[in-house]
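One structure is given here, and the rest of the page talks about it.
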Protein chains: 2
Amino acid sequence: MTIKDVCEKFGITADTLRYYEKVGAIPKVGRSQGGIREYDDEALSWVRNAVCLRKAGVSVEAIAEYVRLFNMGDETIEARLELLSNERESLGKQLEELTNAVELLDYKISRYREAVETGVLTWDRDPLGN
Amino acid sequence: MTIKDVCEKFGITADTLRYYEKVGAIPKVGRSQGGIREYDDEALSWVRNAVCLRKAGVSVEAIAEYVRLFNMGDETIEARLELLSNERESLGKQLEELTNAVELLDYKISRYREAVETGVLTWDRDPLGN
DNA sequence: TCTTGACTTGGAGCTAACTCCATATAGTAC
DNA sequence: GTACTATATGGAGTTAGCTCCAAGTCAAGA
């Protein structure tokens, strides 16, 4: 698979993919004779991993650290478990923040929908709505 | 309430709070004789709004746009509803990405926990685990 | 073979959201 | 009033994560 195919598959740019490789968020990708990247199933699996975690806000640095540990072999299994656990924990917190904000927006939206109908914007929770 | 109190209350720095005011993510805060910020309940409510949305990843620009519309009065109610709905939608997508990543991490973590016990790292879903 | 378009690299440039700094003024305890 | 700490302002600096660019190489079709 060429870099273009991979980009389309995951909805990211070639620059981003090369950047991920450069900083180690995915392992070095194999090349053709002429030096052109050729993505096999394993490479794709790493791309999927990086893209999924990035979309959730995991730092490129953390992803790269995981790849680095992975390439060091079995002695780093515990270190990888700890890294993953830490990231999992911070995503859990992020999930909470996100849920709070969704709740806030849903509340405001309900008030605004009413306001559009009745012409009056009111806040029943907090008298200081905004 | 002084800027320091507000910072402590919300766990952000005074610089951030002044920055939010400068770019309009919160309305202008009232000042004392000498020009020092004095946060009343309404100001606090705006700060709460900004902090909550920022923690979920809503851009400062979008928050500022909401404040701007709010200050323009009742003619902007529909515009505000649309803005809030758009932001709500993108948080919904973000929630999904986050959930996917949490699921991925939980799966990996379960594999790693097993590996720490058994000494063997295996992937039952995808034979190309990483 | 020639042309055209995709791909390569190293490195510079960009944006959002802070974060820090210098200088000056305000408030507070004594 | 003096000393000391907090706050104000404008503007420069920082960081992450891309994004773009130039100059050159590679590959597929006419």
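In the text below, chain A, chain B and the rest are named by the order of the sequence lines, each starting its count at 1.
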- Confirm from the modelled atom types if Asp15(A) and dC18(D) form a donor-acceptor pair under 3.5 Å, side chain to base only. no

- Message: Expressed as a whole number of angstroms, how long is the span from Glu8(A):CD to dA6(C):P?
- Response: 11 Å

- Query: On DNA chain C, nearest-nucleotide positions of Lys22(A) versus Glu38(A): which is more 5'?
  - Reply: Glu38(A)

- N/O (side chain, Thr2(B)) to phosphate O (OP1/OP2, dA6(D)) under 4.0 Å: no

- Message: Rounded to whole Å, please give me the gap between OH in Tyr19(A) and P in dA16(D).
- Response: 8 Å

- Message: If I take atom OH in residue Tyr20(B) and atom P in nucleotide dA17(C), what distance separates them, rounded to the nearest angstrom?
- Response: 9 Å

- Message: Using whole Å, what does the distance between atom C1' of nucleotide dC7(C) and atom OH of Tyr39(A) come to?
- Response: 11 Å

- Query: Rounded to whole angstrom units, what separation is found between the CE atom of Met1(B) and the P atom of dT7(D)?
  - Reply: 12 Å

- Note on the structure: Between CG of Leu17(B) and P of dA17(C) the distance, given in whole Å, is 16 Å

- Query: Side-chain contact, heavy-atom cut-off 4.5 Å: Phe10(B) with Leu17(B)?
  - Reply: no

- Item | Nearest heavy atoms of Val29(A) and Arg37(A), plus distance in Å | CG1-CB, 4.1 Å

- Message: Could you check whether atom CD of Glu97(A) has more than 12 heavy atoms from other residues, nucleotides or ligands sitting under 6.0 Å from it?
- Response: yes

- Checking dA6(D), dT19(D), dA17(C) against the side chain of Lys4(B) (C-beta onward), the nearest is dA6(D)

- Closer to the 5' end of DNA chain D via nearest nucleotide, is it Val58(A) or Ile36(A)? Val58(A)

- In whole angstroms, the gap separating C1' of dT9(C) from NZ of Lys28(A) amounts to 11 Å

- So what does Arg54(B) touch, heavy atoms closer than 4.0 Å: a base, only the sugar-phosphate, or nothing? sugar-phosphate

- Item | Side-chain N,O (Arg31(B)) to OP1/OP2 (dG27(C)) below 4.0 Å | no

- Query: Parallel, tilted or perpendicular: which fits the ring planes of Tyr66(A) and Trp46(A), with parallel below 30° and perpendicular above 60°?
  - Reply: tilted

- Item | Length of the CD1-C1' vector between Ile3(A) and dT9(C), whole Å | 12 Å

- Task: Find the bend of the helix from dT1(C)-dA30(D) to dC30(C)-dG1(D) as the angle between its two terminal axes (five pairs each), to the nearest 10°.
- Result: 10°

- Task: Hey, could you give me the CG/OG distance between Asp40(B) and Ser45(B), rounded to the nearest 0.5 Å?
- Result: 10.0 Å

- Task: With the side chain of Arg37(A) defined as its heavy atoms from C-beta on, choose the nearest nucleotide among dA17(C), dC18(D), dT8(C).
- Result: dT8(C)

- Query: Can you tell if the side chain of Thr76(A) reaches within under 4.5 Å of the side chain of Asn71(A), non-hydrogen atoms only?
  - Reply: no

- Task: Taking atom CZ of Arg113(A) as the centre, report whether more than 12 heavy atoms of other residues, nucleotides or ligands fall under 6.0 Å from it.
- Result: no

- Note on the structure: Among dA8(D), dT8(C), dT19(D), the one nearest any side-chain atom of Arg18(A) is dT8(C)

